[in-house]
Amino acid sequence: MGYTDKSSTQSLDAIRNRLSRRGFLVGAAGLAAASTLSACSSPFEQGGGSGGSGGKKLSITMFVFLGGDLAKMPKEFAKEYMESNPNVSIEFYEQSNSVGYGKMLAQRKANPEKPLVNMGFFNTNTSIQGIGDEMWEPLDYSAMSNAADIRPIFQRKDSMGIGIGSDQYGLVVNPDALGSTPQTWSALWDPAYKGQVSFFNFPWYAVFTAALANGGGLDNMEPGWKLWEERAEQIKLIVESNPQYLNVLSDGTAPLTSYFAGTSQQWINGGAPLEYVVPEEGAIPLPVFLQSVAGQGDDEKEVCQHIINEMLSPKWVSRWAETSIEIPANEKSEMPKSLADLPAFQQSTIDGLMEIDYDIVGTSQAEWTERWNSDIVSKI
């Protein structure tokens, strides 16, 4: 999958020494205290302790997703963090990754030592793109007290970010309009459902699952491309927005698709006649990563890592799962009661998530998109 439980090469002694030199989280005691937000001292107060008025003031800008309840948990966290760490101020940049990352990249080109944001929440594709663009600062997992409890699929060998939760791709069905509730990925290209399938933009996961079912995989997508070229007429239409998607699924125009479990659950909670189905072959995980941005000063890097570690605690990972409708990354987090009975959040679903090498997805996305538009969409 490209993720593993492996620390970066930087030693714990090195991080302790560096922190001690500037009087931040001093020694092992400070690092141990970082696991409890209310107990930790500000990384920017000389001599520790959260009650003093001395020390360096620092402002951190956090990138958060725009829309729904996705900014709720980060803002709740920031309020509590700033109360415990009064020398740190957290501001927010709310935007979609697609728009916001473009602005981050433009700012990096204009002034690489003054990034648009210091840290934030980034979807899988943006995280992978950022690695290629050298946008991220590696994290030191060994100095993060909560990192050991993060599921291995949310950790990276290169320590370029760490996951806080995961949405997933599965099947989304209007069973009344479709006349059945299929249980496998193959339903998407099954001739029995010809002309009843819809997708949002380029669904790489539809090509991947078709390839996987026919002897291929991410490193050999040709079987998937061949199948969809032959079965392009399965697709009724390609939608361009979530409201349009909801409409065509709900009114039966195109009652079968694959999409996010979180978004579809919001539709279901709103009364849409839909059902999210975990395919028998497994759902496809879509981790959300916390990233520290390259180009900022050492002080900012250290406080960003400290913030990320605190957000990885069981309490805040569980709260993120609840507000974003995602699988919690911390193995010690309680599954929110609002999610516990849903198919997407059963232990069997979590254990059965497909292994995806998102480095391949990220580097191939542009080429795949062009091929989808030219070879598949043109035949719809």
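- Checked by atom type and distance alone, the side chain of Thr363 pairs as donor or acceptor with a backbone atom of Ile360 at under 3.5 Å.
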Applying side chain to side chain contact (heavy atoms under 4.5 Å, CB included), run through Ile325 and Phe260 and close with a yes or a no. CA-CA 10 Å; Ile325 315 183; Phe260 300 114; over 6 Å; no

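- Pro287 is not listed as a side-chain neighbour of Ile153, based on a closest heavy-atom distance of 4.5 Å or more.
- A donor-acceptor distance shorter than 3.5 angstrom exists from the side chain of Ser166 to the backbone of Leu286, with no hydrogens or angles considered.
- There is no side-chain donor-acceptor pair under 3.5 Å between Gln365 and Trp204.
- Hydrophobic clustering keeps Met119 apart from Leu66 (ILVMFWY residues linked when any side-chain heavy atoms are closer than 4.5 Å, directly or through intermediates).
- Using a 4.5 Å heavy-atom threshold, the side chains of Ile376 and Val207 count as separate.
- In this pair, Phe122 and Phe63 present their aromatic rings tilted. The plane angle is within the 30 to 60° band.
- Here the side chains of Asp133 and Met104 are not in contact, with every heavy-atom distance at 4.5 Å or above.
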Stepwise, does the salt bridge (charged side-chain N to carboxylate O under 4.0 Å, His left out) test hold for Arg371 with Glu222? CA-CA 11 Å; Arg371 184 168 180 179; Glu222 286 306 317; 2.8 Å; yes

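- The OG1 atom of Thr61 sits 9.5 Å away from atom CZ of Phe92, with the distance rounded to the nearest 0.5 Å.
- Checked options Phe199, Tyr205, Phe200, Trp185; the residue passing with Tyr169 is Tyr205 (criterion: ring-ring contact (aromatic ring centres under 6.0 Å, His included)).
- Note: Phe202 and Trp225 have parallel aromatic rings, judged against thresholds of 30 and 60 degrees for the angle between ring planes.
- Using cut-offs of 30° and 60° on the angle between ring planes, the pair Trp316 and Phe77 is perpendicular.
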Between Ile350 and Arg151, is a side chain to side chain contact (heavy atoms under 4.5 Å, CB included) present by the stated rule, with each step listed? CA-CA 11 Å; Ile350 298 172; Arg151 302 177 195 275; 4.3 Å; yes

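- A donor-acceptor pair under 3.5 Å is absent between the side-chain atoms of Ser318 and the main chain of Lys315, judged by distance alone.
- A distance of 11.0 Å separates CG of Asn269 from CG of Leu274, quoted to the nearest 0.5 Å.
- Between the side chain of Asp167 and the main chain of Ala261, a donor-acceptor pair closer than 3.5 Å is present.
- Counting heavy atoms from C-beta outward, Phe65 and Val288 have side chains that approach closer than 4.5 Å.
- Shown are Thr253, Ile235, Asp190, Leu178; of these, the side-chain contact (heavy atoms from CB on, under 4.5 Å) with Gln196 is made only by Leu178.
- Atom CE of Met335 sits about 9.5 Å away from atom CG of Leu342, to the nearest 0.5 Å.
- Both Leu237 and Val172 are part of a single hydrophobic cluster, where members link through side-chain heavy atoms under 4.5 Å apart.
- Under the 3.5 Å distance criterion, the side-chain polar atoms of Gln155 are matched with a main-chain donor or acceptor of Ala147.
- The number of heavy atoms from other shown groups lying within 6.0 Å of CD (Glu370) does not exceed 12.
- Side-chain polar atoms of Asn123 and Tyr101 form no donor-acceptor pair below 3.5 angstrom.
- Sparse packing is recorded around CD of Glu134, with 12 or fewer heavy atoms of other residues, nucleotides or ligands lying under 6.0 Å away.
- In this structure, a donor-acceptor pair under 3.5 Å is present between the side chains of Gln347 and Asp351.
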Show the numbers, then the answer: is there a side chain to side chain contact (heavy atoms under 4.5 Å, CB included) between Val293 and Gln107? CA-CA 12 Å; Val293 178; Gln107 175 63 24; over 6 Å; no

So Asp149 and Val317, side chain to side chain contact (heavy atoms under 4.5 Å, CB included) or not? Walk me through it. CA-CA 11 Å; Asp149 297 324; Val317 169; over 6 Å; no

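- Put simply, CG on Leu212 and OG on Ser186 are 12.0 Å apart, with the number rounded to the nearest 0.5 Å.
- A salt bridge between Lys75 and Glu94 is present, with a side-chain N of the basic residue lying under 4.0 Å from a carboxylate O of the acidic one.
- In this structure a side-chain-to-backbone donor-acceptor pair under 3.5 Å is missing from Glu240 to Ile238.
- Comment: Glu322 engages Arg319 in a salt bridge, judged by a side-chain N to carboxylate O separation of less than 4.0 angstrom.
- For the atom pair Leu256 CG and Gln234 CD, the distance stands at 8.5 Å (nearest 0.5 Å).
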Show your working on ring-ring contact (aromatic ring centres under 6.0 Å, His included) between Trp136 and Phe289 and close with a plain yes or no. CA-CA 11 Å; Trp136 314 130; Phe289 285 90; 9.6 Å; no

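- Taking all atoms of both residues into account, the shortest heavy-atom contact from Phe121 to Asn97 is O-ND2, 3.6 Å.
- Listed for the Glu281 side chain is no donor-acceptor partner under 3.5 Å among the backbone atoms of Thr184.
- For the atom pair CD (Gln244) and CG (Leu246), the distance works out to 11.0 Å, reported to the nearest 0.5 Å.
- Checking Asn309 against Ser145 by side-chain atom types alone, a donor-acceptor pair falls below 3.5 Å.
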Run the salt bridge (charged side-chain N to carboxylate O under 4.0 Å, His left out) test on Glu229 and Lys226 for me, step by step, so that the C-alpha distance in whole Å, both residues' side-chain angles and the decisive distance to 0.1 Å come before the verdict. CA-CA 5 Å; Glu229 287 173 13; Lys226 183 175 184 296; over 6 Å; no

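- Counting only distance, with no hydrogens or angles, the side chain of Ser378 and the backbone of Ser374 share a donor-acceptor pair below 3.5 Å.
- Summarising the local packing, CD of Glu367 is surrounded by 12 or fewer heavy atoms from other residues, nucleotides or ligands at distances under 6.0 Å.
- Contact check for His306 versus Val88: no side-chain heavy atoms found under the 4.5 Å cut-off.
- If you check the side chains of Gln305 and Ser292, you find no donor sitting under 3.5 Å from an acceptor.
- Here the closest heavy-atom approach between residue Cys304 and residue Ile60 is recorded as SG-CD1, 4.0 Å.
- Both Leu249 and Ile380 belong to a common hydrophobic cluster when Ile, Leu, Val, Met, Phe, Trp and Tyr are linked at side-chain heavy-atom distances under 4.5 angstrom.
- Using a 4.5 Å heavy-atom threshold, the side chains of Ser59 and Glu91 count as touching.
- At distances below 3.5 Å, not a single donor-acceptor pair connects side-chain atoms of Ser198 with backbone N or O atoms of Thr257.
- Residue-environment remark: CD (Glu233) stays at or below the threshold of 12 foreign heavy atoms within 6.0 Å.
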Lys301 and Asp140: salt bridge (charged side-chain N to carboxylate O under 4.0 Å, His left out), yes or no, with the steps? CA-CA 11 Å; Lys301 291 176 187 176; Asp140 182 0; over 6 Å; no

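- When every heavy atom of Tyr93 is checked against every heavy atom of Gly100, the shortest pair comes out as OH-CA, 3.9 Å.
- Taking 4.5 Å as the limit, every side-chain heavy atom of Trp320 sits out of range of all side-chain heavy atoms of Asn330.
- A donor-acceptor pair under 3.5 Å is absent between the side-chain atoms of Tyr276 and the main chain of Gly262, judged by distance alone.
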